[in-house]
Amino acid sequence: MIPACGCRRSPPAPAHTRARHTLSPRLRPVRAPSARFQAFMRGIDPAPEPDIPWHVNVRERAAPGGRFSRVRIIDEPPTDGQRFLTASAAANAAAGEDIRVLARAQAVCLELPEYDFWLFDSRLLVRFDIDDRDVTTGVEAVEVVEDPADVLAACRARDRAWPLATPAAEVWARVRSSV
């Protein structure tokens with residue numbers, strides 16, 4: 001969980017899951033900035049947090065071959081929260097998650113959905129409920145979708161975004177040098 005930018009805490013993937021893909025097109029306003037975010041805003045890179053539950057979960061599932069990937073959609077120029085998430089992606093990568101970044105303009109051209117979702121094994125879709133202030137209302141406020149047409153649409157969105165998205169480390173190198 002990275003509360004500095006209002007992101008949700010990720011529950012563990014179902015035990016049988018081999019692959020989890022995330023598409024995150026919406027921004028979350030910064031609520032109560034964390035000490036990590038405040039330090040980042042003073043020019044200090046986020047320190048890795050290998051023992052947080054999400055990183056432990058990813059390591060445990062990636063070790064036997066599980067796959068975790070994520071596409072984050074960012075503005076140009078990126079907001080401070082988006083820069084923080086991009087800088088923090090190195091810790092996710094160290095745990096075994098492949099995070100890529102796609103410019104919002106490309107996402108619009110690709111007609112990607114405007115809601116955040118998780119896709120488990122290309123069979124189960126989880127949509128996030130987001131309120132009128134563009135804030136995720138919590139992990140409990142998700143919609144689990146098994147309808148094949150909806151899942152297929154999410155798979156297609158992922159498949160359009162993934163090959164055009166850039167690894168987060170490359171984006172961070174560019175963004176960091178421009179700040």
Side-chain angles (χ1 to χ4, degrees), residues 1-28 30-41 44-74 78 80-102 115-130 135-146 151 154-155 158 161-162 165-173 175-176:
M1 179 173 159
I2 303 175
C5 47
C7 293
R8 66 226 166 249
R9 180 180 303 275
S10 302
H16 65 279
T17 300
R18 298 284 300 158
R20 176 179 155 201
H21 304 276
T22 305
L23 184 70
S24 302
R26 298 188 54 164
L27 300 177
R28 307 290 176 270
V30 173
R31 289 183 261 181
S34 68
R36 287 180 81 225
F37 182 78
Q38 291 172 351
F40 174 76
M41 293 305 294
I44 300 169
D45 285 347
E49 297 178 314
D51 296 325
I52 64 170
W54 176 247
H55 294 157
V56 170
N57 178 51
V58 171
R59 276 194 311 276
E60 288 173 355
R61 298 194 187 270
R67 187 167 162 242
F68 290 78
S69 61
R70 179 186 314 233
V71 174
R72 286 193 174 133
I73 297 173
I74 64 171
D80 291 338
Q82 292 168 346
R83 288 179 39 252
F84 176 74
L85 286 173
T86 304
S88 301
N92 293 61
E97 185 176 9
D98 188 354
I99 298 180
R100 308 273 174 109
V101 177
L102 186 68
Y115 55 84
D116 287 9
F117 67 84
W118 291 336
L119 189 58
F120 294 94
D121 292 340
S122 299
R123 293 184 311 212
L124 180 70
L125 169 66
V126 178
R127 287 188 191 134
F128 289 89
D129 291 331
I130 298 174
V135 175
T136 301
T137 55
V139 173
E140 299 78 25
V142 297
E143 177 186 1
V144 177
V145 179
E146 296 181 75
V151 172
C155 289
R158 175 205 57 210
W162 189 255
T166 304
E170 291 178 30
V171 173
W172 177 235
V175 169
R176 180 183 214 179

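These numbers were taken from a predicted model, which means no experiment stands behind them.
- Looking at Arg61, its side chain never comes within 3.5 Å of a backbone N or O of Gly96 through a donor-acceptor pair.
- Among all heavy-atom pairs drawn from Phe40 and Pro46, the shortest one is CD1-CD, 3.8 Å.
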Exercise for the section: Evaluate the side-chain contact (heavy atoms from CB on, under 4.5 Å) criterion for residues Trp54 and Asn92: first the C-alpha distance (whole Å), next the side-chain angles of each, then the deciding distance (0.1 Å), finally the verdict. Expected result: CA-CA 9 Å; Trp54 176 247; Asn92 293 61; 3.6 Å; yes
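- Phe37 and Phe84 have perpendicular rings, their planes meeting at more than 60° on a 0 to 90° scale where under 30° would count as parallel.
- Taking the side-chain contact (heavy atoms from CB on, under 4.5 Å) definition, one finds that Val126 meets it with Trp118, Phe120, Val142, Val144, sequence neighbours left out.
- A pairwise comparison of heavy atoms in Ala89 and Ala168 identifies CB-CB, 3.6 Å as the closest pair.
- The shortest heavy-atom contact between Arg72 and Ile99 is NH1-CD1, 4.0 Å.
- Listed here is the closest heavy atom pair of Glu49 and Ala91: N-CB, 4.3 Å.
- Side-chain atoms of Arg158 never come within 3.5 Å of backbone atoms of Leu119 as a donor-acceptor pair (strictly under, hydrogens ignored).
- One finds the CD atom of Glu97 at 10.0 Å from the CG atom of Asn57 (value rounded to the nearest 0.5 Å).
- For the residue pair Ala95 and Val58, the shortest heavy atom distance occurs at O-CG1, 3.3 Å.
- Take Glu170 and apply the side-chain contact (heavy atoms from CB on, under 4.5 Å) test, not counting sequence neighbours, and it matches Thr166, Pro167.
- When side chains are defined from C-beta on, Glu60 counts as touching Val56, because their heavy atoms get closer than 4.5 Å.
- Nearest heavy atoms, Arg70 versus Trp162: O-CZ3, 3.6 Å.
- Put simply, the side chain of Val145 reaches to within 4.5 Å of the side chain of Arg127, judged on heavy atoms.
- The side-chain heavy atoms of Arg36 and Ser88, taken from C-beta on, include a pair separated by under 4.5 Å.
- For the pair Trp172/Val101, no side-chain contact is recorded, criterion being any heavy-atom separation below 4.5 Å from C-beta on.
- Within the 4.5 Å cutoff, no side-chain heavy atoms of Val151 are placed close to those of Glu146.
- Put simply, CD1 on Ile73 and CG on Asp116 are 8.5 Å apart, with the number rounded to the nearest 0.5 Å.
- By the 4.5 Å heavy-atom criterion applied to side chains, Leu85 and Ile74 are not counted as neighbours.
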